[in-house]
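No hydrogens, no waters, no symmetry mates; every other heavy atom, side chains included, goes into these values. No experiment lies behind these values; they were computed from the predicted model shown.
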Amino acid sequence: MAACSIEDVLAKAEREEAEKLKSISVHKELELEFDPGNLFAFDKNPPNTREFRKQNKDEFLRSLARDNTQLLINELWKLPTERVEEVIVAKLPEPTTRLPREKPVPKPRPSTKWEEFAKLKGIQKKKKTNLVWDDVHKEWKRRWGYKRANDDTKEWLIEVPETADPNEDQFSKRIKAKKERVAKNELNRLRNIARGQKIKVPGVGLAPTDQQSKTELGKAIHVAKHSTASVGKFQGNLPKEKVPKNMGKKRKFEPLIGDFSAEKRKQLDLLNIMDSKKPRIDITKAVNKQMREEDRQSGFQKRKSPGKKGRKGNFSGKGKAKGKGKKGGPGGGSSGGSNKGGPGGGNNRKPRKKQGKR
């Protein structure tokens, strides 16, 4: 390993330090065009192809970017500056380069029904102050929102109007009216949004549509009938009108007074089911299931086994048959002889018995 001197080490360290701390003065053949408002710098100098081929490409591009950035920073230091919270800030001028938008220009918000009415009538909007004088607390308070002036919801006493029911709760009436106003405002807001986006505003309840089905018409007629004071008791039926299905059934409750034997029996049956450790078996259901299983097994066996063919012949006559044998042979005889079991008989088979009806 070759020995290195102290001078070589110090020279190398100085070169590395010089690479880190380069000069702020950069020489370019053509001056750069600057747009400080957008922090742009346009370099029109052609790149040195020889240096690009000799050096590493990444190092060449990094060096070129460093020089142009240094020139842009030098240009920013020429702008007027000020100190804000121990930080020097430069005042950028208006940008000169027009940049394309990333997204399209937002469309103007469609006007609400009140804005259209105000424009038609020439009503000018007056800007109100945020603070008003509260006569009760003798101080300035907000006009709207939390801790607002003249807040009627904080009153502990409300005067009952002459036309109102004296037994009616005025506090709950005021809270209910406020909730209705809030719901109405929210509905109007949603309607304005739907109208701006050209969406059909849905109605409330059973609103008519363009094409209603027979089921929807039946439900609408049913609701209209039951909306009377008599709950549709005295409403007549239309010609060929059918009762709509799936309109709900009224629940039937046991009588509160009378015979309690049925209720007692139900409660005892429930206690017996809860107290018994063994599961309750429905005997009728189990027997029916076993019978169905047996019928299924027998049908399967019949389909699996081949059918037996019966013998042809007349089984209704007596036990006589014509024997077929050679003459002079053992057991032979005339062809018309009887079939008796003697030694000289033609056929030694026993006569069949008459088969009776099963």
**OP:** Take the angle between the ring planes of Phe42 and Phe40 and call it parallel below 30°, perpendicular above 60°, tilted in between.
**Re:**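 Aromatic pair Phe42/Phe40 classed perpendicular.
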Considering only NZ, NE, NH1 and NH2 on the basic side and carboxylate oxygens on the acidic side, decide whether [X] and [Y] come within less than 4.0 Å.
X      : Y      : result
Glu294 : Lys289 : no
Glu51  : Lys57  : no
Arg62  : Glu59  : no

**OP:** Indicate, with yes or no, if Leu131 and Trp133 share a hydrophobic cluster defined by side-chain heavy-atom contacts under 4.5 Å among Ile, Leu, Val, Met, Phe, Trp and Tyr.
**Re:**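 Same cluster: Trp133 reaches Leu131 through Ile, Leu, Val, Met, Phe, Trp or Tyr contacts under 4.5 Å.
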Original post:
Any link between Val26 and Leu72 through a network of hydrophobic side chains (Ile, Leu, Val, Met, Phe, Trp, Tyr) touching at under 4.5 Å?
Top reply: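 Val26 clusters together with Leu72.
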Compute whether any side-chain donor of one residue and acceptor of the other, for [X] and [Y], lie under 3.5 angstrom apart.
X      : Y      : result
Lys225 : Asn237 : yes
Asp35  : Asn38  : yes
Asn192 : Thr112 : no
Asn56  : Asp58  : no

Check this for me: [X], atom [atom1], are more than 12 non-hydrogen atoms of other residues, nucleotides or ligands nearer than 6.0 Å?
X      : atom1 : result
Arg98  : CZ    : no
Trp77  : CH2   : no
Glu29  : CD    : no
Glu82  : CD    : yes
Glu168 : CD    : yes
Ile283 : CD1   : no

Subject >> Of Gln290, Lys285, Arg292, the residue whose pairing with Asn288 passes side chain to side chain contact (heavy atoms under 4.5 Å, CB included) >> reply: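 Only match with Asn288 under side chain to side chain contact (heavy atoms under 4.5 Å, CB included): Arg292.
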Original post:
Among Lys121, Lys125, Arg109, which one satisfies salt bridge (charged side-chain N to carboxylate O under 4.0 Å, His left out) with Glu115?
Top reply: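 Running salt bridge (charged side-chain N to carboxylate O under 4.0 Å, His left out) over Lys121, Lys125, Arg109 with Glu115 returns exactly one hit, Arg109.
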**OP:** May I have the step-by-step check of side-chain contact (heavy atoms from CB on, under 4.5 Å) for Lys219 and Lys214, ending in yes or no?
**Re:** CA-CA 9 Å; Lys219 288 183 179 180; Lys214 188 184 295 184; over 6 Å; no
Side-chain heavy-atom pair [X], [Y] within 4.5 angstrom cut-off:
X      : Y      : result
Asn150 : Asp134 : yes
Ile199 : Ile193 : no
Leu39  : Leu76  : yes
Lys28  : Asn68  : yes
Gln170 : Lys173 : yes
Arg143 : Lys128 : yes
Phe34  : Asn74  : no

Can you tell me how far apart [atom1] ([X]) and [atom2] ([Y]) are? Round to the nearest 0.5 Å.
X      : Y      : atom1 : atom2 : value
Leu79  : Lys91  : CG    : NZ    : 11.0 Å
Lys103 : Arg101 : NZ    : CZ    : 9.5 Å
Lys44  : Glu33  : NZ    : CD    : 3.5 Å

Original post:
Hey, mind stepping through Val132 and Arg142 against side-chain contact (heavy atoms from CB on, under 4.5 Å) and telling me if it holds?
Top reply: CA-CA 6 Å; Val132 293; Arg142 296 186 182 92; over 6 Å; no
Original post:
Where the side chain of Ser63 meets the backbone of Phe60, is there a donor-acceptor pair that is under 3.5 Å apart?
Top reply: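 Not a single qualifying donor-acceptor pair exists.
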Original post:
Judged by atom type as modelled, is there a donor-acceptor pair below 3.5 Å linking the side chain of Glu241 to the main-chain atoms of Leu238?
Top reply: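 A pair under 3.5 Å: yes.
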Original post:
After noting the C-alpha distance and the side-chain angles of Lys266 and Glu263, does the key distance pass the salt bridge (charged side-chain N to carboxylate O under 4.0 Å, His left out) rule?
Top reply: CA-CA 5 Å; Lys266 289 181 180 179; Glu263 183 178 358; over 6 Å; no
Subject >> side-chain contact (heavy atoms from CB on, under 4.5 Å) between Lys178 and Arg181, intermediate numbers included >> reply: CA-CA 5 Å; Lys178 182 179 179 181; Arg181 291 195 303 271; 3.6 Å; yes
